[in-house]
A.B. asks: 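Quick one: structure below, then a few questions.
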Amino acid sequence: MPPKRKAQDGNVNIQSRATKRNKTNDKQPESSQKAQKQHPKKTNEDKNQGNDVTPMYRHWLLKSEPNSRLENGVDMKFSFDDLKKSPSQTSCWDGVRNYQARNFLRDQMKMGHEAFFYHSNCKEPGIIGLCKVVKESYPDYTQFDPKDPHYDHTSTKDNPKWFMVDVKYVRPLQRFISLAELKKAHQDHVRNGGPLCNLALFTKARLSVQPLTQEEWDFILKMEQRDGK
DNA sequence: GCCAACGTTGGC
DNA sequence: GCCAACGTTGGC
């Protein structure tokens, strides 16, 4: 199902790699996905996996940093514009190292699912555009690269710990929806009831891959039409 | 740059 | 399995 097939794997896997994303999709051993079935040891990883009872989601919010920031000498910058400029306007979403976020990437993000592209750790945090899943769960290769800031020596190719998906640029929002505006709506909905009362942006603020209910998604998309603030 | 909130680690 | 120490996230 991989729709587009960029050049072969030839391209260098080096570039902006952020806490979550970076370059384009390259082909990965999709076959090794079966490895994810295995859970040889039950440690605190398992207790962190306990979100499998949550409903299945079809909408997402992905955080990325639009400004340069070095982590072990590697620039974490990956803006919405960087996604647009990526080959095929597509990038893998690598570098996620949180079990809850990993589980969403691995288990729930499916072809065609849409996501808000959120700019974090910047002057004006907020949602800037839309992207969509164009390739489902496969091992995040950065976990195997000792030079990568997100290298994980405890992970093996036979039993990879971290996964990623590919996302493709869809469109910018008609207007930027700032965190401040979302927070106002959220706080109002907490007090008076409303679809954003449990928005993960505020209830699970540190999650970099966040699920949205249909109602949350629809409400935020409608904010796009309103006149700012 | 500060720091609150929260996730992870490891001793016990 | 508890919990203190530590590390990270990310708004401000």
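Chain letters run A, B, ... following the sequence lines, proteins first, then strands; residues in each count from 1. Both backbone and side-chain heavy atoms feed into the values below; hydrogens, waters and symmetry mates do not.
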A.B. asks: Verify the contact: side-chain N or O of A:Y118 to OP1 or OP2 of C:dG11, cut-off strictly under 4.0 Å; return yes or no.
C.D. replies: yes
A.B. asks: Between atom CD in A:Q187 and atom C1' in C:dG11, what is the gap in whole Å?
C.D. replies: 13 Å
A.B. asks: With the side chain counted from C-beta on, respond yes when A:F116 and A:H59 share a heavy-atom pair under 4.5 Å apart, and no when they do not.
C.D. replies: no
A.B. asks: Can A:V167 be reached from A:V96 by stepping across I, L, V, M, F, W or Y side chains whose heavy atoms are under 4.5 Å apart?
C.D. replies: yes
A.B. asks: Say whether A:L130 and A:L182 are linked into one hydrophobic cluster, either directly or through other cluster members, by side-chain heavy-atom distances under 4.5 angstrom.
C.D. replies: yes
A.B. asks: Hydrogens and angles aside, do A:D82 and A:S79 bring a side-chain donor and acceptor to less than 3.5 Å of each other?
C.D. replies: yes
A.B. asks: In whole angstrom, give the distance that lies between atom CD of A:E124 and atom P of C:dC12.
C.D. replies: 11 Å
A.B. asks: Determine, using ring centers only, whether A:F176 and A:H119 are less than 6.0 Å apart.
C.D. replies: no
A.B. asks: Between A:T203 and A:N121, just flag the one whose closest nucleotide in DNA chain B comes earlier from the 5' side.
C.D. replies: A:N121
A.B. asks: Measure from the ring center of A:W162 to the ring center of A:Y99 and say whether it is less than 6.0 Å.
C.D. replies: yes
A.B. asks: To the nearest Å, give me how far apart CG (A:N67) and P (C:dG11) are.
C.D. replies: 11 Å
A.B. asks: What is the distance, rounded to the nearest whole Å, between atom CE of A:M76 and atom C1' of C:dT9?
C.D. replies: 14 Å
A.B. asks: Expressed as a whole number of angstroms, how long is the span from A:N98:CG to B:dA5:P?
C.D. replies: 19 Å
A.B. asks: Could you state the NE2-P distance from A:H153 to B:dT9, rounded to the nearest angstrom?
C.D. replies: 10 Å
A.B. asks: Counting only side-chain nitrogens and oxygens, does A:K63 get under 4.0 Å of the OP1 or OP2 atom of C:dT9?
C.D. replies: no
A.B. asks: Looking at A:R102, A:K161, A:R97, which one forms a salt bridge (Lys or Arg N to Asp or Glu O under 4.0 Å) with A:D140?
C.D. replies: A:R97
A.B. asks: Between the protein and nucleotides 6-8 of chain C, are there any N/O to N/O pairs under 3.5 Å, and if so, what are the atom names and distances?
C.D. replies:
{"unit_1": "C:dG7", "atom_1": "N2", "unit_2": "A:R206", "atom_2": "NH2", "d": "3.4"}
{"unit_1": "C:dT8", "atom_1": "O2", "unit_2": "A:R206", "atom_2": "NH2", "d": "2.7"}

A.B. asks: Rounded to whole angstroms, how far apart are NZ on A:K184 and C1' on C:dG11?
C.D. replies: 16 Å
A.B. asks: Within this structure, what is the CZ-to-P distance between A:R69 and C:dT9, rounded to whole angstrom?
C.D. replies: 7 Å
